[in-house]
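Atoms considered below: every heavy atom in the structure, side chains included; atoms not considered: hydrogens, waters and symmetry mates.
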Amino acid sequence: MLRCIDVSKEFGGLKALRDVNFTVKNGEITGLVGPNGSGKSTLLNVISGVYKPDSGKIEFLNEDISKLPPHQICYRGITKTSQTVQSFPDMTALQNVQLGALFGRKTETNPNDRATELLGFVGLDKDKFNVPAKKLNVIELRRVQLARALATSPKLLLLDELLTGLTPKESDEAIALVKCINKQGVTVLIVEHIMRVIMGLCDRVAVLHHGEKICEGKPREVCNDENVINVYLGKKFCFDEEL
């Protein structure tokens with residue numbers, strides 16, 4: 001579905017990405033991990049058009065999207081949630097999601113009905129639907145952001161640290177939600193630091209370090225890779241104990 005081919009990105013002499021080759025297969029949940037500053041969020045931003053690659057290219061469904069602006073990439077079926085939650089603060093939660101439903105699409109579905117359905121799906125309390133986003137807490141805003149992303153009807157959903165700040169119970173609910181989204185036909189690429197989540201959720205995992213991909217494979221293969229253990233995990237990940 002998605003191919004990153006020799007993708008590099010530099011910021012003022014700092015190489016954020018170095019000749020990254022990376023694929024996402026249709027129907028999978030793919031994890032992207034690595035130390036802070038390894039280039040994970042930068043790669044998601046390049047894929048979604050926030051940044052343009054300095055070299056290399058991004059192919060989505062066999063089309064080169066490297067030079068397209070974010071709204072055109074979103075229209076083609078790639079939607080991203082942000083690590084730092086973004087919203088239209090003076091608009092209600094419902095209105096924020098309606099924007100996603102209305103974005104560049106002709107549909108017979110009433111945007112109000114679609115937004116209401118999705119806010120319920122992501123677990124936002126009904127009494128918060130008509131509250132301005134600026135009055136919601138961070139966890140509630142994460143739910144609104146996810147609902148707005150889903151409202152664009154993505155084929156590929158990019159999740160940047162969706163579980164940050166969640167309690168263990170909320171994390172388990174979010175994991176179940178991601179699995180449900182995937183079962184409905186949405187391919188997922190997720191950046192996350194909680195290895196229990198990545199290893200238990202993903203079909204494949206890629207690891208970045210200093211902007212370079214150092215490993216890619218099935219979760220057990222990745223967590224047993226000596227290089228990954230040395231630069232990121234610190235010790236072997238024990239599936240039976242951790243999952």
Side-chain angles (χ1 to χ4, degrees), residues 1-7 17-36 38-48 53 56-63 65 73 77-81 83 146 149 154-164 171-172 174-243:
M1 173 178 275
L2 180 83
R3 296 177 67 205
C4 300
I5 305 169
D6 296 327
V7 172
L17 297 172
R18 301 167 181 264
D19 299 320
V20 173
N21 288 281
F22 176 67
T23 61
V24 175
K25 297 180 181 179
N26 185 35
E28 283 191 338
I29 300 177
T30 303
L32 187 61
V33 304
N36 288 331
S38 60
K40 303 181 299 297
S41 293
T42 299
L43 183 57
L44 292 195
N45 282 329
V46 170
I47 293 170
S48 59
K57 65 178 180 177
I58 310 288
E59 290 183 350
F60 180 61
L61 299 175
N62 297 316
E63 178 187 3
I65 62 170
I73 291 174
I78 299 178
T79 304
K80 183 177 79 72
T81 66
Q83 184 177 349
L146 179 58
K155 298 180 179 73
L156 173 61
L157 179 62
L158 312 179
L159 301 175
D160 195 353
E161 297 195 25
L162 176 69
L163 278 64
T164 298
S171 293
D172 289 340
I175 292 168
L177 185 59
V178 173
K179 289 180 178 179
C180 185
I181 291 169
N182 181 244
K183 287 180 180 178
Q184 292 180 359
V186 181
T187 302
V188 177
L189 172 58
I190 181 170
V191 168
E192 187 52 65
H193 279 292
I194 305 172
M195 293 307 295
R196 178 181 67 86
V197 172
I198 286 291
M199 297 304 176
L201 183 63
C202 297
D203 300 295
R204 287 187 308 117
V205 181
V207 186
L208 293 182
H209 182 53
H210 293 319
E212 297 180 344
K213 188 185 76 176
I214 62 170
C215 187
E216 181 177 0
K218 294 185 180 300
R220 285 184 182 271
E221 296 169 348
V222 169
C223 70
N224 286 322
D225 184 274
E226 289 296 332
N227 200 18
V228 175
I229 293 170
N230 290 334
V231 305
Y232 184 52
L233 295 178
K235 64 177 183 178
K236 276 197 171 184
F237 184 89
C238 298
F239 277 81
D240 294 336
E241 296 178 10
E242 301 286 352
L243 297 181

Kindly indicate whether the side chain of [X], heavy atoms from C-beta on, has any atom under 4.5 Å from the side chain of [Y].
{"X": "L189", "Y": "I47", "result": "yes"}
{"X": "C223", "Y": "M199", "result": "yes"}
{"X": "M1", "Y": "L61", "result": "yes"}
{"X": "Y232", "Y": "V33", "result": "yes"}
{"X": "I78", "Y": "I65", "result": "yes"}
{"X": "L146", "Y": "L157", "result": "yes"}
{"X": "L159", "Y": "E192", "result": "no"}
{"X": "T30", "Y": "K25", "result": "no"}

Give every donor-acceptor pair under 3.5 Å between a side-chain atom in residues 206-214 and any protein atom, sequence neighbours left out.
{"unit_1": "K213", "atom_1": "NZ", "unit_2": "N21", "atom_2": "O", "d": "2.8"}
{"unit_1": "K213", "atom_1": "NZ", "unit_2": "E216", "atom_2": "OE1", "d": "2.7"}

### Task
Please check if any side-chain donor atom of K80 sits under 3.5 Å from a side-chain acceptor atom of N45, or the reverse.
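Result is yes, a qualifying pair exists.
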
#### Entry: Nearest-0.5 Å distance, OG of residue S38 to CG of residue L17
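S38 atom OG to L17 atom CG measures 9.0 Å (nearest 0.5 Å).
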
### Gap separating the CD1 atom of I29 from the OG1 atom of T187, nearest 0.5 angstrom
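Spacing of CD1 (I29) from OG1 (T187) equals 9.5 Å.
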
### Query
Between the side chain of K40 and the main-chain N/O of P35, is any donor-acceptor distance below 3.5 Å?
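The answer is yes, because a donor-acceptor pair under 3.5 Å joins these two groups.
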
### Set of side-chain hydrogen bond (donor to acceptor under 3.5 Å, both in side chains) partners for T42, sequence neighbours left out
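By the side-chain hydrogen bond (donor to acceptor under 3.5 Å, both in side chains) rule, T42 matches no residue at all.
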
